[in-house]
Peer 1: 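One structure, pasted below without further comment.
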There are 2 protein chains.
Amino acid sequence: MRNRKIGYGECPNDQGCPVEYTLDVIGGKWKGVLLYHLIEGTKRFNEFRRICPAVTQRMLTLQLRELEEDGVIHREVYHQVPPKVEYSLTEFGLTLVPIILLMRDWGEVYKNRSGSQNGQLPSQS
Amino acid sequence: MRNRKIGYGECPNDQGCPVEYTLDVIGGKWKGVLLYHLIEGTKRFNEFRRICPAVTQRMLTLQLRELEEDGVIHREVYHQVPPKVEYSLTEFGLTLVPIILLMRDWGEVYKNRSGSQNGQLPSQS
DNA sequence: TGATGTAGTATCTAAATTGATACTTAGGAG
DNA sequence: CTCCTAAGTATCAATTTAGATACTACATCA
């Protein structure tokens, strides 16, 4: 996903498939989750670490930096000791909220599906 | 993204973050694009190749297989020579359509943003 | 004097993803 | 007899992503 040396829109025929672009912004391994938690409000670096202990510091830094570069989140540094940095959604980032919420809803409903079930949905009772 | 040896839900505190699950299903490098094109109707292997020449055969096969495993798409093999295989969305796959379309709309609107613009949206005129 | 806490870097390694290239299968056309 | 087609596989190499571990700065607390 998202290889900025080549960049989104690698597919010439696709002259910028909009879905591809969107996934380029939110499709990183942890980005969806980070954005999801940012919907509730600003978060600090170590808060994310507590919420998601499986993400390493390095990964957290990298993913947050990419989101920042894309203008999706804002990074507010307080020059204190110990340091304090708050992350929040930008105005631009807020435009992604409906997508994140729809993804949350979908995941909520289907996350317990195990295998393929042949693509069938359980019939309504 | 999506490392099925470890699997979705690697984050214990997250006991299955729904957003993470959703991205596990549709977040593969080409999956969004493939699903997007499947919304119009069934597609054959080489049709995808024509639509997206940047995807290699191998990648196309792998991504389609993963989508099939997840029950999102159906693979219909016609035993002919030369062979014919048609891919289509399953009933389950159809539940993803609203997300894909929302991602398309968002991408449509914002794909021409270059850098970060400081997270600001252009003010309405 | 030394430990504590936040928000990271730096470095190195391991694993996963992706790509390039060649090869397969089988029947019909020339 | 050879070529063509569609839909792949197989194999190997390159790239990218991710993880582990150690390290930093600085004010404050004990």
Side-chain angles (χ1 to χ4, degrees), chain A residues 1-12 20 23-34 38 42-69 73-88, chain B residues 1-12 20 23-34 38 42-69 73-88:
Chain A
M1 188 111 329
R2 174 330 158 147
N3 167 351
R4 280 297 156 84
K5 283 199 205 85
I6 299 176
Y8 133 82
E10 310 159 46
C11 195
E20 202 187 323
L23 281 171
D24 202 44
V25 175
I26 61 174
K29 182 153 188 182
W30 302 103
K31 289 183 190 174
V33 190
L34 298 180
L38 277 175
T42 67
K43 290 266 173 300
R44 296 179 60 179
F45 192 82
N46 278 358
E47 275 186 272
F48 281 123
R49 299 233 290 151
R50 274 188 291 277
I51 297 169
C52 263
V55 193
T56 60
Q57 279 188 316
R58 203 178 89 94
M59 274 300 101
L60 191 50
T61 307
L62 290 176
Q63 299 275 294
L64 288 169
R65 287 297 135 81
E66 286 191 0
L67 288 169
E68 195 193 351
E69 254 177 59
I73 64 173
H74 173 69
R75 181 165 172 270
E76 183 75 29
V77 182
Y78 296 84
H79 291 286
Q80 309 173 348
V81 170
K84 173 175 167 181
V85 178
E86 280 185 347
Y87 294 92
S88 55
Chain B
M1 187 109 331
R2 146 47 106 133
N3 167 351
R4 279 298 155 84
K5 285 198 202 83
I6 299 175
Y8 134 82
E10 309 158 46
C11 191
E20 201 186 325
L23 280 172
D24 202 45
V25 175
I26 60 174
K29 183 155 188 182
W30 303 102
K31 288 183 191 174
V33 190
L34 298 181
L38 277 175
T42 66
K43 289 265 173 301
R44 295 178 60 178
F45 192 82
N46 278 358
E47 274 187 272
F48 282 123
R49 298 233 289 152
R50 273 189 290 278
I51 296 169
C52 264
V55 193
T56 59
Q57 279 188 317
R58 206 179 89 92
M59 274 301 101
L60 192 50
T61 307
L62 290 176
Q63 299 274 294
L64 288 169
R65 287 297 135 79
E66 286 190 1
L67 287 170
E68 194 193 352
E69 256 177 58
I73 64 173
H74 172 70
R75 180 166 173 271
E76 183 75 30
V77 183
Y78 296 83
H79 291 288
Q80 309 173 348
V81 170
K84 172 174 167 182
V85 178
E86 280 185 348
Y87 294 92
S88 55

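This is a predicted model, so every value here is computed, not measured. Below, chains carry the letters A, B, ... as their sequence lines are ordered, and counting in each starts from 1.
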Peer 1: Using whole Å, report how far NZ of B:Lys29 lies from P of D:dT17.
Peer 2: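 Between P of D:dT17 and NZ of B:Lys29: 8 Å.
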Peer 1: Looking at residues at least two apart in the chain, or sitting in another chain, which of them share a salt bridge (charged side-chain N to carboxylate O under 4.0 Å, His left out) with B:Arg65?
Peer 2: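 B:Arg65 satisfies salt bridge (charged side-chain N to carboxylate O under 4.0 Å, His left out) with B:Glu68 once adjacent residues are dropped.
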Peer 1: Between A:Asn46 (CG) and C:dG5 (C1'), how many Å, whole number?
Peer 2: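 About 8 Å, once rounded to whole Å.
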Peer 1: Any side-chain heavy atom of A:Leu38 within less than 4.5 Å of one from A:Tyr87?
Peer 2: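 Counting from C-beta outward, A:Leu38 and A:Tyr87 do come under 4.5 Å.
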Peer 1: Can you tabulate the close N/O pairs, meaning under 3.5 Å, that link protein atoms to atoms of nucleotides 10-12 of chain C?
Peer 2:
none

Peer 1: Report all side-chain donor-acceptor pairs from residues 56-64 of chain A shorter than 3.5 Å, counting only partners two or more places apart or in another chain.
Peer 2:
unit_1, atom_1, unit_2, atom_2, d
A:Thr56, OG1, A:Met59, N, 3.2
A:Thr61, OG1, A:Gln57, O, 2.8
A:Gln63, OE1, A:Trp30, N, 3.0
A:Gln63, OE1, A:Lys31, N, 3.3

Peer 1: Would you please name every residue forming a side-chain hydrogen bond (donor to acceptor under 3.5 Å, both in side chains) with B:Glu76, sequence neighbours left out?
Peer 2: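 Counting only residues at least two positions away or on another chain, B:Glu76 forms a side-chain hydrogen bond (donor to acceptor under 3.5 Å, both in side chains) with B:His74.
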Peer 1: I'd like to check the salt bridge (charged side-chain N to carboxylate O under 4.0 Å, His left out) partners of B:Glu86; sequence neighbours left out, ordered by chain and number.
Peer 2: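 Result, salt bridge (charged side-chain N to carboxylate O under 4.0 Å, His left out) vs B:Glu86: B:Lys84.
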Peer 1: Starting from P on C:dA7, measure out to CD on A:Gln80 and report it in whole angstrom.
Peer 2: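 Value for this atom pair: 9 Å.
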Peer 1: Provide, to the nearest angstrom, the distance between the CG atom belonging to B:Leu62 and the P atom belonging to D:dT11.
Peer 2: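 My rounded result for the distance is 15 Å.
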Peer 1: Over how many whole Å does the gap from B:Phe48 atom CZ to D:dA7 atom P extend?
Peer 2: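 Between P of D:dA7 and CZ of B:Phe48: 11 Å.
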Peer 1: Side-chain N or O of A:Arg75 less than 4.0 angstrom from OP1 or OP2 on C:dG8?
Peer 2: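 For C:dG8, OP1 or OP2 has a side-chain N or O of A:Arg75 closer than 4.0 Å.
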Peer 1: How is B:Arg49 classified with respect to the nucleic acid when contacts are heavy atoms under 4.0 Å: base, sugar-phosphate, or nothing?
Peer 2: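 If one applies the 4.0 Å heavy-atom cut-off, B:Arg49 turns out to touch nothing in the nucleic acid.
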Peer 1: Round to the nearest Å and state the distance from B:Leu60 atom CG to C:dT18 atom C1'.
Peer 2: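 Going from CG in B:Leu60 over to C1' in C:dT18 covers 13 Å.
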Peer 1: Need one value for B:Tyr87: base, sugar-phosphate or nothing, where a base atom within 4.0 Å counts as base even if backbone is also close, heavy atoms only.
Peer 2: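 Here B:Tyr87 touches the backbone only, sparing every base.
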Peer 1: Would you give a per-nucleotide map of nucleotides 22-30 of chain C, 5' to 3', where B means the base has a protein non-hydrogen atom under 4.0 Å away, S means only the sugar-phosphate does, and - means neither?
Peer 2: B---BB---
